[in-house]
Amino acid sequence: QVQLVESGGGLVQAGGSLRLSCTASGRTFSNYAMGWFRQAPGKEREFVATITRSGDITYYADSVKDRFTISRDNAKNTAYLRMNSLKPEDTAVYYCAARGGTNYYTGADDYDYWGQGTQVTVSS
């Protein structure tokens with residue numbers, strides 16, 4: 001089992017920045033690819049970003065490309081999502097997820113472990 005805990009959400013004005021953290025426990029963090037997803041009220045959960053277990057490859061949804069950066073520190077068992085130039089449409093609950101494997105993964109069904117989510121609200 002892998003336990004994931006997100007932090008760093010909050011209220012920010014449009015154009016602002018936030019950094020989300022996802023701290024893992026229970027298993028060897030460096031064995032797991034990580035992903036960030038988000039879910040806005042009344043909408044399905046959507047892919048945001050993913051990173052391979054070594055951190056050498058990242059992939060983003062078109063809606064966040066060039067604004068968000070996913071990274072990880074395997075020594076700290078933590079993945080990050082740096083969010084710049086935030087827009088009101090970025091408002092959602094953000095979830096981190098983990099799965100074993102050497103690739104990166106963009107589907108919610110690809111992931112085995114999920115955090116509880118952290119709220120991000122962007123005001124206009």
Would you say Tyr105 and Val48 are hydrophobically clustered, going by side-chain heavy atoms of ILVMFWY under 4.5 Å? no
Separation between OG1 (Thr23) and CZ (Phe29), nearest 0.5 Å, reads 8.0 Å
Would you please test Leu81 and Phe68 for side-chain contact (heavy atoms from CB on, under 4.5 Å) and show each step? CA-CA 7 Å; Leu81 185 69; Phe68 290 11; 4.2 Å; yes
Nearest heavy-atom neighbours spanning Ser124 and Pro88: CB-CG, 3.9 Å
What residues form a side-chain hydrogen bond (donor to acceptor under 3.5 Å, both in side chains) with Lys43, not counting sequence neighbours? none
Hydrophobic cluster identity match, Val122 and Leu18, side-chain contacts under 4.5 Å: yes
Counting only N and O atoms by type, is there a donor-acceptor contact under 3.5 Å from the side chain of Glu6 to the main-chain atoms of Leu20? no
Evaluate side-chain contact (heavy atoms from CB on, under 4.5 Å) for Ser123 paired with Gln13, printing each intermediate quantity in order. CA-CA 5 Å; Ser123 62; Gln13 288 188 332; 3.7 Å; yes
Pairwise distance CG(Leu11) to CD(Gln119) - rounded to 0.5 angstrom: 9.5 Å
For Tyr59, I'd like to know if atom OH has over 12 heavy atoms of other residues, nucleotides or ligands within 6.0 Å. no
Inter-residue atom distance Leu4.CG - Trp114.CH2, 0.5 Å rounding: 10.0 Å
Return the CZ to SG distance between Arg72 and Cys22, rounded to the nearest 0.5 Å. 9.5 Å
Donor-acceptor pair between Arg38 and Tyr94 side chains, under 3.5 angstrom: yes
Check whether Thr121 reaches the backbone of Thr91 with its side chain - one donor and one acceptor, N or O, closer than 3.5 Å. no
ILVMFWY cluster, Trp36 and Leu86 together (side-chain gap under 4.5 Å): yes
Step-by-step side-chain contact (heavy atoms from CB on, under 4.5 Å) determination, Thr50 to Tyr111: CA-CA 11 Å; Thr50 180; Tyr111 289 86; 3.0 Å; yes
Contacts of Glu89 meeting side chain to side chain contact (heavy atoms under 4.5 Å, CB included) (sequence neighbours excluded), chain-then-number -> Lys87
Is it the case that the side chain of Arg67 and the backbone of Ser85 share a donor-acceptor pair, with hydrogens and angles ignored and the cut-off at 3.5 Å? yes
Disulfide (SG to SG under 2.5 Å) partners of residues 24-88, not counting sequence neighbours, each pair once: none
With sequence neighbours excluded, tell me which residues meet side-chain hydrogen bond (donor to acceptor under 3.5 Å, both in side chains) with Ser54. Asp56
Nearest heavy atoms of Thr106 and Phe37, plus distance in Å: O-CE2, 3.6 Å
Rounded to the nearest 0.5 Å, what's the gap from CE on Met34 to OG1 on Thr52? Could you check? 12.0 Å
side-chain contact (heavy atoms from CB on, under 4.5 Å) assessment of Met83 paired with Val120: CA-CA 10 Å; Met83 305 184 295; Val120 172; 3.9 Å; yes
Is it the case that the side chain of Asn74 and the backbone of Arg53 share a donor-acceptor pair, with hydrogens and angles ignored and the cut-off at 3.5 Å? yes
Could you tell me which residues satisfy side-chain hydrogen bond (donor to acceptor under 3.5 Å, both in side chains) with Tyr32, sequence neighbours excluded, listed by chain and number? none
Whether Tyr60 side chain and Ile70 backbone form a donor-acceptor pair below 3.5 Å: yes
Cluster overlap Tyr80 with Val12, hydrophobic side-chain contacts below 4.5 Å: no
side-chain hydrogen bond (donor to acceptor under 3.5 Å, both in side chains) against Arg82, all qualifying residues, sequence neighbours excluded: Asn84
Which distance, rounded to the nearest 0.5 Å, do you find between the CG of Asp109 and the CZ of Arg45? 10.5 Å
